[in-house]
Chemist: 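To start, I am sharing the structure in question, which I have written as structure tokens.
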Amino acid sequence: MDSSSDEEEGCTFVHVLSDKYNPDNYPYGQGVMVLSSPPGSPVKDHLFLPSTLVLDKRGISKAGNGSYIAAFCAHVVGLDLSQNQLSDWEEICTIVSNVPHLDFLNLSMNPLKGTVLEPTTADIFCHIRKLVLINTHVTWDTVHALTQRMPELAELFLCLNGYGSVSESQITCPTLHLLHLTDNQLRDWTEVRKLGAMYPCLGSLVLANNHVTSVDDAGETFPNLRSINLNNSALSKWEDIERLSFFPKLVEIKAQGIPLLQPYSTDQRHSLLLAQLPSVMVLNSSVVSEGDRESAERFFIRHYQDCPHQQLPQRYHVLVSKYGRLAPLAEVDLTPRSTLVTVRCGDRVEAVSLHLQQTVIDLKKQLKGLLQLPHNGIRLFHIDPEMSSVLGPEELRCGSRALHSYRIREGNEILVVPKVKARCSSSGL
């Protein structure tokens with residue numbers, strides 16, 4: 001290759017490719033696959049090239065000699081060109097047209113704002129299945145020019161492109177099943193609905209970090225949607241969640257960080273959401289079990305059953321027909337209390353009232369005066385008559401541990417064993 005021609009062209013794809021993957025920089029044996037160029041190639045065995053080339057952050061602004069690209073990249077299926085300086089679709093087309101088996105293309109964070117892709121040249125992208133255009137600020141016209149000529153496109157990433165609306169196309173892209181629109185500026189569901197019309201087979205839609213304020217849809221525009229991500233959206237009404245339950249194939253939902261759920265605890269949020277979504281199998285990345293669903297639905301009934309009739313959601317009546325009206329859960333006071341135990345030291349046996357919230361070291365201090373022994377000179381054992389024949393005595397080893405955590409109950413015994421030879425006082429406790 002004539003290196004001087006590359007220098008004249010600026011920072012080219014060909015130059016960066018040959019620089020990164022030449023044998024001096026990537027010698028065989030350091031994890032890079034050795035792949036020969038096609039038969040007859042003038043650069044056979046000159047570069048060690050993997051099937052996916054990662055050339056991000058290299059300052060690439062031009063393609064370079066297309067014949068060299070064809071010789072190097074006949075086997076390449078993946079190409080990461082993110083965070084370069086590509087600002088001309090003609091240069092990008094030169095690269096892509098010479099990588100005949102390209103399946104994955106990442107152009108994220110290249111300065112493509114305001115650039116125009118001629119529809120007649122978009123056919124070059126026809127074999128790509130996964131296209132990433134994050135933070136490129138490409139227009140919807142460019143997106144349509146691409147998707148209308150990509151008959152195998154399955155995944156499209158359009159995050160951080162500043163979209164506040166969706167420009168609708170009359171030509172659909174029936175192969176697309178995953179669309180990422182995270183961190184845009186969509187607010188109105190009428191804009192979101194356009195996506196369903198353009199991508200009728202869409203199975204997964206990611207709208208996280210958009211300001212979508214409502215779900216004005218019963219699923220008719222998303223007949224094949226199985227997963228939706230609405231994290232950090234602006235949903236504020238339970239009716240929006242209820243509408244999601246009517247999407248015919250929707251089984252996975254993410255809806256964290258929405259205003260609707262702010263007043264509730266984490267467990268309450270999960271239960272109130274799940275109870276409204278009878279078909280969901282994965283909620284906020286957690287697989288839903290039958291027990292989980294039943295607990296959520298019972299919580300939902302108890303949460304609403306004291307509300308005025310006109311304020312009851314429709315889902316409440318459905319669940320009452322399933323479970324009936326439920327009695328309020330009994331309030332159980334789990335605050336540790338005192339209990340009466342037997343303290344045994346040698347031949348002496350005394351009944352002592354223990355405050356179960358105190359620690360083992362507190363108990364040793366309490367027994368110091370009673371037994372006239374240094375509290376750090378005794379060992380304490382808990383004996384439960386019902387379990388001692390199986391487990392034996394349990395030593396209270398941890399000084400900072402609360403007594404209630406040992407499950408000490410009334411009638412149990414505390415055995416005191418001096419660490420050094422000592423006699424218990426003969427006086428009464």
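Along the sequence shown, residues are numbered consecutively beginning with 1.
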Chemist: Donor-acceptor check, side chain of Asn65 to backbone of Ser67, threshold 3.5 angstrom: yes or no?
Modeler: yes
Chemist: Would you say Asp80's side chain and Ser82's backbone share a donor-acceptor pair under 3.5 angstrom?
Modeler: yes
Chemist: Roughly how far, to the nearest 0.5 Å, is the CG atom of Asp141 from the OG atom of Ser167?
Modeler: 5.5 Å
Chemist: For a quick test of reading the model, state the closest non-hydrogen atom pair linking Glu191 to Val166 and the distance between them.
Modeler: OE1-N, 2.7 Å
Chemist: Closer than 3.5 angstrom, by distance alone: can the side chain of Ser295 be matched with the main-chain N or O of Asp292 as a donor-acceptor pair?
Modeler: no
Chemist: Please determine whether side-chain contact (heavy atoms from CB on, under 4.5 Å) holds for the pair Asp216 and Thr190, giving the CA-CA distance in whole Å, both sets of side-chain angles, and the decisive distance to 0.1 Å.
Modeler: CA-CA 8 Å; Asp216 299 322; Thr190 58; 5.8 Å; no
Chemist: Does this structure show an ion pair linking Arg409 with Asp384, if we count only N-O contacts that are shorter than 4.0 Å?
Modeler: yes
Chemist: Mark yes or no for whether Asn84, through its side chain, and Ile60, through its backbone, hold a donor-acceptor pair below 3.5 Å.
Modeler: yes
Chemist: Has Arg149 got more than 12 heavy atoms of other residues, nucleotides or ligands less than 6.0 Å from its CZ?
Modeler: yes
Chemist: Using 30° and 60° as the class boundaries, would you call the ring planes of His180 and Phe157 parallel, tilted or perpendicular?
Modeler: parallel
Chemist: I'd like to know if the side chain of Asn284 reaches the main chain of Ala255, judged simply by a donor and an acceptor atom lying under 3.5 Å from each other, with no hydrogens or angles considered.
Modeler: yes
Chemist: Mark yes or no for whether Asp88, through its side chain, and Glu90, through its backbone, hold a donor-acceptor pair below 3.5 Å.
Modeler: yes
Chemist: Could you report the tightest heavy-atom contact between Ile414 and Val341, atom names first, then the distance?
Modeler: CG1-CG2, 4.1 Å
Chemist: I'd like to know if the side chain of Gln185 and the backbone of Tyr163 have a donor-acceptor N/O pair within less than 3.5 Å.
Modeler: no
Chemist: Is the closest side-chain heavy-atom distance between Leu195 and Met198 below 4.5 Å?
Modeler: yes
Chemist: How long is the gap from NZ on Lys249 to CZ on Phe222, to the nearest 0.5 Å?
Modeler: 14.5 Å
Chemist: In this structure, are over 12 heavy atoms from other groups packed under 6.0 Å from Arg226 atom CZ?
Modeler: no
Chemist: Would you mind reporting whether Leu105 and Val132 have side-chain heavy atoms less than 4.5 Å apart?
Modeler: no
Chemist: Examine the side chains of Ser108 and Gln83 and answer whether a donor and an acceptor come within less than 3.5 Å of each other.
Modeler: no
Chemist: Taking all atoms of both residues into account, what is the closest heavy-atom pair of Ile95 and Leu81, and its distance?
Modeler: CD1-CD1, 4.2 Å
Chemist: If we only count heavy atoms from C-beta on, is the Ile253 to Leu230 side-chain gap below 4.5 Å?
Modeler: no
Chemist: Asp217 and Arg193: salt bridge (Lys or Arg N to Asp or Glu O under 4.0 Å), yes or no, with the steps?
Modeler: CA-CA 8 Å; Asp217 200 317; Arg193 188 182 289 116; 3.8 Å; yes
Chemist: Within 45 degrees of the axis of the six-membered ring of Tyr406 and under 6.0 Å from its centre: does Arg401 put its NZ or CZ there?
Modeler: yes
Chemist: Applying side chain to side chain contact (heavy atoms under 4.5 Å, CB included) between Leu133 and each of Leu160, Leu146, Asn106, report the one that passes.
Modeler: Leu146
Chemist: Can you tell me how far the CZ atom of Phe247 sits from the OG1 atom of Thr221, to the nearest 0.5 Å?
Modeler: 6.0 Å
Chemist: Hey, what do you get for CD1 (Ile69) to CG (Leu17), rounding to the nearest 0.5 Å?
Modeler: 8.5 Å
Chemist: Examine the side chains of His355 and Asp362 and answer whether a donor and an acceptor come within less than 3.5 Å of each other.
Modeler: no
Chemist: Checking Arg269 side chain against Tyr264 main chain: does a donor-acceptor pair fall under 3.5 Å?
Modeler: yes
Chemist: Check Tyr316 against Ile301 and note the closest heavy-atom contact, atom names and distance.
Modeler: CE1-O, 3.5 Å
Chemist: I would like to know whether Phe72 and Val14 meet side-chain contact (heavy atoms from CB on, under 4.5 Å); could you show each step before the answer?
Modeler: CA-CA 9 Å; Phe72 290 145; Val14 172; 4.3 Å; yes
Chemist: Given the rule in the side-chain contact (heavy atoms from CB on, under 4.5 Å) test, do Leu250 and Leu244 qualify, once you have shown the distances and angles that lead to the verdict?
Modeler: CA-CA 8 Å; Leu250 192 62; Leu244 290 174; 4.2 Å; yes
Chemist: Distance check, rounded to the nearest 0.5 Å: Leu49 atom CG versus Lys20 atom NZ?
Modeler: 10.5 Å
Chemist: Do His211 and Leu186 make a side-chain contact, defined as non-hydrogen atoms from C-beta onward lying under 4.5 Å apart?
Modeler: no
Chemist: Check whether the side chains of Trp189 and Ser214 place a donor and an acceptor atom closer than 3.5 Å, and report yes or no.
Modeler: no
Chemist: Tell me whether the rings of Phe300 and Tyr304 are parallel (<30°), tilted (30 to 60°) or perpendicular (>60°).
Modeler: tilted
Chemist: Starting at OG1 of Thr342, measure out to CD1 of Ile383 and round the result to the nearest 0.5 Å.
Modeler: 10.0 Å
Chemist: Side chains of Asn209 and Asp183: is there a donor and an acceptor less than 3.5 Å apart?
Modeler: yes
Chemist: Are more than 12 heavy atoms, taken from residues, nucleotides or ligands other than His127, located less than 6.0 Å from that residue's NE2 atom?
Modeler: no
Chemist: Could you go through Ser169 and Gln148, starting from their C-alpha distance and side-chain angles, then the distance that decides it, and tell me whether this counts as side-chain hydrogen bond (donor to acceptor under 3.5 Å, both in side chains)?
Modeler: CA-CA 9 Å; Ser169 170; Gln148 291 169 12; 2.7 Å; yes
Chemist: Could you check whether Glu297 pairs with Arg315 (Lys NZ or Arg NE/NH1/NH2 to Asp/Glu carboxylate O, under 4.0 Å)?
Modeler: yes
Chemist: Could you tell me if the side chain of Thr359 sits less than 4.5 Å from the side chain of Leu403, heavy atoms only?
Modeler: no
Chemist: Does Met109 offer a backbone N or O that forms a donor-acceptor pair with the side chain of Asn135 under 3.5 Å?
Modeler: no
Chemist: For Pro200 and Thr172, which heavy atoms make the closest approach, and how far apart are they?
Modeler: CD-CB, 4.0 Å
Chemist: Give me the atom names and distance for the closest heavy-atom approach of Gly59 to Cys11.
Modeler: O-CB, 3.3 Å
Chemist: Charged N to carboxylate O under 4.0 angstrom, Asp240 versus Arg243?
Modeler: yes
Chemist: Do other residues, nucleotides or ligands put more than 12 heavy atoms under 6.0 Å from the CD atom of Gln268?
Modeler: yes
Chemist: Does Val280 form a side-chain contact (heavy atoms from CB on, under 4.5 Å) with Val251? I'd like the steps, not just the answer.
Modeler: CA-CA 4 Å; Val280 165; Val251 294; 6.0 Å; no
Chemist: For residues Asn231 and Ile258, determine if any side-chain heavy atom of one lies less than 4.5 Å from a side-chain heavy atom of the other.
Modeler: no
Chemist: Is any NZ, NE, NH1 or NH2 atom of the basic residue among Glu395 and Arg379 found under 4.0 Å from an Asp or Glu carboxylate oxygen of the other?
Modeler: yes
Chemist: Do the side chains of Leu55 and Tyr21 get nearer than 4.5 Å, heavy atoms only?
Modeler: yes
Chemist: With a 3.5 Å cut-off and no angle check, do the side chains of His382 and Asn412 form a donor-acceptor pair?
Modeler: yes
Chemist: With heavy-atom distances below 4.5 Å as the criterion, would you say the side chains of Leu53 and Cys73 are in contact?
Modeler: yes
Chemist: I'd like to know if the side chain of Trp89 reaches the main chain of Ala122, judged simply by a donor and an acceptor atom lying under 3.5 Å from each other, with no hydrogens or angles considered.
Modeler: no
Chemist: Within a 6.0 Å radius of atom CD on Glu290, are there more than 12 heavy atoms belonging to other residues, nucleotides or ligands?
Modeler: no
